[in-house]
Peer 1: 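Below you will find the structure I want to go over with you.
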Amino acid sequence: MLKASRWAFLLVPVFVLGCGSGGIGLGNGSSVSLDDEWQLGQQLAAQVNSQTRLVNDQGALSYLRNIGERIHAQTPLANRPFTFNIVDDNDVNAFAIPGGHIYVNRGLIVQADRENMLASVLAHEMSHVVARHSIKQMEQANTINTLGSILLGNAGNLAQIAGQIVAGGAMARFSRADEKQADDMGLDLMNRAGYDPHGMLDMFQKLLALDKSQPGSVAKFFSDHPGTQDRINDISNRIGQMGKTSGTVDTQAYHSSLKDRM
């Protein structure tokens, strides 16, 4: 995300559905069911939305959702609702929270010169959700012990977690392995959704160049998604191994309906 997740690809499809609503293979045997995760996500999103200034431009939101749903349809969670929001913040960032809630800052959209560049960010963030990285992180930190009380209506715990998410302190920093998995999966989702996956490479390269020319301008993004040259090299190598990588690069509608409105 950017604010709470970063990108991923797959050489071999590994989307394996678990039993009932218990989760997917990428969830590493989470003790939290998908139904509970989506319930938690709805409650967290309500708190995050109350603590964050969101863009209410329905035309821009509609176009963002179109991009997101094009990718969402390629995931094993296509039957579960995802939401896509624009944060009214000029900082370059994006993040996802459990239950399929994706947030992209206005400042990141401004820097996404082409549609496939923004699609790469959405694909990365959605991959964190599909792989259930946030739930895994909560389990490892033992904060999952509060899940029962949250689902029973403990607004205090909920508001605290939401505040940490908004500040970038909760579910904002994943392990290197999780980030790589999100990159790999995100590339695969982009490709299957008909987007040229070079958009992920172009997005990372632009943000690294921006960081060098305007130090601090993308500090928040890179604090959550380390932008090393090794990572760029890995993305480039993955694209080279993918075979057919043609697809949508840019559209005029992206500029008129979304980017130029930011």
Side-chain angles (χ1 to χ4, degrees), residues 1-2 5-11 13 55 57 59-75 78 82 84-86 92-94 96 102-130 179-180 182-213 217-218 221-222 225 227 229 231-262:
M1 94 192 183
L2 295 90
S5 33
R6 289 321 160 257
W7 323 338
F9 327 140
L10 297 177
L11 285 177
V55 170
D57 182 327
L61 288 170
S62 177
Y63 201 87
L64 179 70
R65 292 186 193 112
N66 287 341
I67 299 174
E69 287 301 334
R70 182 171 165 179
I71 298 167
H72 176 215
Q74 302 302 318
T75 74
F82 272 57
F84 302 90
N85 303 277
I86 302 173
V92 176
N93 214 347
I102 311 299
Y103 296 82
V104 183
N105 281 17
R106 175 198 295 273
L108 187 140
I109 296 173
V110 168
Q111 297 300 329
D113 296 326
R114 296 181 298 279
E115 183 168 329
N116 69 335
M117 293 171 71
L118 181 59
S120 75
V121 174
L122 296 181
H124 177 93
E125 297 302 329
M126 294 167 73
S127 295
H128 280 300
V129 174
V130 171
E179 288 296 338
K180 184 178 184 302
D183 284 344
D184 290 346
M185 190 187 303
L187 283 178
D188 179 71
L189 289 175
M190 286 182 70
N191 201 34
R192 291 194 285 125
Y195 280 107
D196 187 327
H198 289 88
M200 186 177 288
L201 182 62
D202 295 340
M203 190 75 203
F204 243 115
Q205 289 176 325
K206 173 161 188 184
L207 295 181
L208 273 179
L210 189 63
D211 187 48
K212 292 178 181 178
S213 63
S217 60
V218 291
F221 177 85
F222 282 135
H225 312 81
Q229 188 61 48
R231 187 168 184 178
I232 287 179
N233 292 342
D234 186 59
I235 291 171
S236 181
N237 290 336
R238 292 285 186 175
I239 292 173
Q241 297 169 12
M242 291 177 72
K244 179 180 179 293
T245 58
S246 60
T248 301
V249 174
D250 201 16
T251 64
Q252 181 56 46
Y254 167 65
H255 295 268
S256 61
S257 299
L258 180 55
K259 179 176 166 61
D260 293 349
R261 300 169 81 135
M262 296 295 104

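On a predicted model such as this, the values are computed, not experimentally measured, just so you know.
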Peer 1: Can you tell me how far apart CE (M126) and NE2 (H72) are? Round to the nearest 0.5 Å.
Peer 2: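 Reported value, rounded in 0.5 Å steps: 5.5 Å.
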Peer 1: Which heavy-atom pair separates M190 from D196 by the least distance, and what is that distance?
Peer 2: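 That would be CE-O, 3.4 Å.
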Peer 1: Can you see which heavy atom on M262 is nearest to which on A60, and at what distance?
Peer 2: CE-CB, 3.8 Å
Peer 1: Okay, side chain of S236, backbone of I232: is any donor-acceptor separation there less than 3.5 Å?
Peer 2: no
Peer 1: Ignoring hydrogens, what is the shortest heavy-atom contact between D250 and R114? Give both atom names and the distance.
Peer 2: OD1-CA, 3.6 Å
Peer 1: Taking all non-hydrogen atoms of both residues into account, name the closest pair between I71 and A119 and its distance.
Peer 2: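 Shortest heavy-atom contact: CD1-O, 3.5 Å.
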Peer 1: How many angstroms lie between CG in L207 and CE in M117, if you round to the nearest 0.5 Å?
Peer 2: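 The CG atom of L207 sits 7.0 Å away from the CE atom of M117.
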Peer 1: Taking all non-hydrogen atoms of both residues into account, name the closest pair between S120 and G199 and its distance.
Peer 2: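 S120 and G199 have their closest heavy atoms at OG-O, 3.7 Å.
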Peer 1: To the nearest 0.5 Å, tell me how far K180 NZ sits from D234 CG.
Peer 2: 5.0 Å
Peer 1: Going through the distances and angles, do R261 and V55 end up as a side-chain contact (heavy atoms from CB on, under 4.5 Å)?
Peer 2: CA-CA 11 Å; R261 300 169 81 135; V55 170; over 6 Å; no
Peer 1: Looking at F204, does the NZ or CZ of R231 lie under 6.0 angstrom from its six-membered ring centre and within 45 degrees of the ring axis?
Peer 2: no
Peer 1: Taking side chain as C-beta onward, heavy atoms only, is K259 less than 4.5 Å from D113?
Peer 2: yes
Peer 1: To the nearest 0.5 Å, what is the distance between CD1 on I239 and NE2 on H198?
Peer 2: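 Output value for this atom pair is 5.0 Å.
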Peer 1: If you look at every heavy atom in V129 and A96, which pair is closest and at what distance?
Peer 2: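 In this case the closest contact between V129 and A96 is CG2-CB, 3.8 Å.
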Peer 1: Just verifying a value: how many Å separate N116 CG and L122 CG, rounded to the nearest 0.5 Å?
Peer 2: 11.5 Å
Peer 1: What is the distance from atom CE of M203 to atom CG of L208, rounded to the nearest 0.5 Å?
Peer 2: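 M203 CE to L208 CG: 11.0 Å, rounded to 0.5 Å.
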Peer 1: Which of these passes side chain to side chain contact (heavy atoms under 4.5 Å, CB included) with I86: L108, D57, N105, I109?
Peer 2: I109
Peer 1: Does some side-chain heavy atom of K206 sit less than 4.5 Å from a side-chain heavy atom of D202?
Peer 2: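 No; the side chains remain at least 4.5 Å from each other.
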Peer 1: Return yes if a side-chain donor-acceptor contact under 3.5 Å exists between T251 and Y63, otherwise no.
Peer 2: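 Distance-only check passes for T251 and Y63.
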Peer 1: So H255 and Q252, side chain to side chain donor-acceptor pair (under 3.5 Å) or not? Walk me through it.
Peer 2: CA-CA 5 Å; H255 295 268; Q252 181 56 46; over 6 Å; no
Peer 1: If you apply the rule side-chain contact (heavy atoms from CB on, under 4.5 Å), what do you find for I67 with F84, and how did you get there?
Peer 2: CA-CA 10 Å; I67 299 174; F84 302 90; over 6 Å; no
